[in-house]
Amino acid sequence: NFIPIFFNNIKNFILSPYPNINSIPEVVIFFENIVIYSLFYKQFFYKFFKKSRAEKMLKFYWMITLFLAVAMYSIVSFNDGTIHRYKIIILTYILIAYNLHLNKEKKILS
């Protein structure tokens, strides 16, 4: 009984203001999420199969970290404002940490 609720909460967390867009601030949040998800897609999935094995493993690690963070916060957040606040922090943390890790790897290799 927990598994369907768990995955439904994750889906609601990722698409948070989409089903109930009732005001202008929610439209702004929706378009901001589109920009953030496009940056996220470009960083993690764009030309994924052309990367080396080490880069794929690094991206996989950060995707698992993101999934676990989203899973944890999707259980405790209930309204769109709280979801958006958590989502921005999680996604920027993952993107910044991934870029720092990638830059560290490039410095080690050169």
Side-chain angles (χ1 to χ4, degrees):
N1 199 14
F2 174 73
I3 301 296
I5 294 170
F6 178 70
F7 285 111
N8 190 29
N9 284 347
I10 289 175
K11 178 188 66 112
N12 289 339
F13 188 87
I14 291 173
L15 303 173
S16 74
Y18 173 65
N20 318 343
I21 298 178
N22 298 327
S23 65
I24 298 298
E26 288 178 349
V27 172
V28 171
I29 289 173
F30 177 70
F31 284 116
E32 183 183 9
N33 285 338
I34 289 174
V35 169
I36 289 172
Y37 287 140
S38 65
L39 289 173
F40 195 76
Y41 169 78
K42 186 174 188 252
Q43 192 69 29
F44 284 97
F45 296 111
Y46 186 68
K47 296 182 181 178
F48 180 76
F49 293 108
K50 294 183 181 180
K51 303 292 181 181
S52 68
R53 179 169 166 77
E55 285 181 284
K56 287 181 185 178
M57 293 303 290
L58 179 63
K59 288 181 181 188
F60 184 70
Y61 169 77
W62 285 109
M63 290 301 296
I64 293 295
T65 304
L66 175 69
F67 178 76
L68 292 175
V70 166
M72 180 179 66
Y73 284 115
S74 69
I75 293 171
V76 298
S77 56
F78 300 106
N79 64 13
D80 289 333
T82 306
I83 289 173
H84 181 67
R85 206 169 35 239
Y86 288 153
K87 189 186 320 181
I88 294 298
I89 291 170
I90 291 170
L91 291 176
T92 41
Y93 165 73
I94 295 295
L95 287 174
I96 289 171
Y98 172 73
N99 283 328
L100 288 174
H101 197 125
L102 194 61
N103 289 338
K104 181 181 172 185
E105 292 290 323
K106 285 181 182 177
K107 286 182 183 178
I108 290 173
L109 293 176
S110 42

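- Across Phe45 and Met63, no two heavy atoms sit closer than the pair CZ-CE, 3.4 Å.
- When hydrophobic clusters are built by joining Ile, Leu, Val, Met, Phe, Trp and Tyr residues whose side-chain heavy atoms come closer than 4.5 Å, directly or via intermediates, Ile3 is grouped together with Met72.
- Each of Phe67 and Ile5 belongs to its own hydrophobic cluster when Ile, Leu, Val, Met, Phe, Trp and Tyr are linked at side-chain heavy-atom distances under 4.5 angstrom.
- In the hydrophobic clustering of ILVMFWY residues, with side-chain heavy atoms under 4.5 Å counting as a link, Val35 and Ile94 come out apart.
- Between Ile90 atom CD1 and Thr65 atom OG1 the span is 11.5 Å, to the nearest 0.5 Å.
- Linking Ile, Leu, Val, Met, Phe, Trp and Tyr residues whenever their side-chain heavy atoms come within less than 4.5 Å leaves Val70 and Leu39 in two separate clusters.
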Practice problem: Tell me, with the steps shown, if Lys51 and Leu58 meet side-chain contact (heavy atoms from CB on, under 4.5 Å). | Solution: CA-CA 11 Å; Lys51 303 292 181 181; Leu58 179 63; over 6 Å; no

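- At a threshold of 4.5 Å between non-hydrogen side-chain atoms, the residues Ile64 and Tyr61 do not count as touching.
- Contacts of Asn12 classified as side chain to side chain contact (heavy atoms under 4.5 Å, CB included), with partners at least two apart in sequence or in another chain: Asn8.
- For Phe6, the ring-ring contact (aromatic ring centres under 6.0 Å, His included) partners are Phe2, not counting sequence neighbours.
- Using a 4.5 Å cut-off between side-chain heavy atoms of Ile, Leu, Val, Met, Phe, Trp and Tyr, with links allowed through other members, Ile88 and Ile29 fall into different hydrophobic clusters.
- The side chain to side chain contact (heavy atoms under 4.5 Å, CB included) check on Tyr37 picks up Ile14, Asn33, Lys87, Leu91, with sequence neighbours excluded.
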